[in-house]
Amino acid sequence: MYTLTGLDGQPYPSPSPGTLGGHRRGRLYGRLDCPSALRAIARGGYVGQRVFFADEATAIAAGYRPCAVCLPDEYARWKHDPRRSSRRPAPPPA
Ligand SMILES: [Zn+2]
């Protein structure tokens, strides 16, 4: 079993691994192979704060924002989204 972070920001057990990683204290989510996250992990300062999400909608609902390094498009969208203070997931693009 894997431990993922749910819509409410709380951990829950999951039979499948997440598709996105995140930093709990930084409220950031990004790719599992994010160079910025991997650098931080290599320094040893990240592992205790590492969380995982099943998908992007869950990460957003949990109150996380996209990483500017590995998800520049998502980050730009987040930055310009007036609803970003909402904890609800954004609707899918039309
Ligand atoms: Zn990243």
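Atoms within each ligand, like the ligands themselves, are counted from 1 in listed order.
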In total, how many protein N/O/S atoms does one find closer than 2.8 Å to the Zn ion (ligand 1)?
-> 3

Given Glu56, His23, Arg65, Glu74, the one that forms side chain to side chain donor-acceptor pair (under 3.5 Å) with Tyr29 = Glu56

Within the 4.5 Å heavy-atom criterion, are [X] and [Y] side-chain neighbours or not?
X     : Y     : answer
Gln10 : Thr5  : no
Ser14 : Met1  : no
Leu38 : Tyr46 : no

Counting only N and O atoms by type, is there a donor-acceptor contact under 3.5 Å from the side chain of Arg50 to the main-chain atoms of Ile41?
-> no

Arg31 side chain vs Thr19 backbone, donor-acceptor pair below 3.5 Å | no

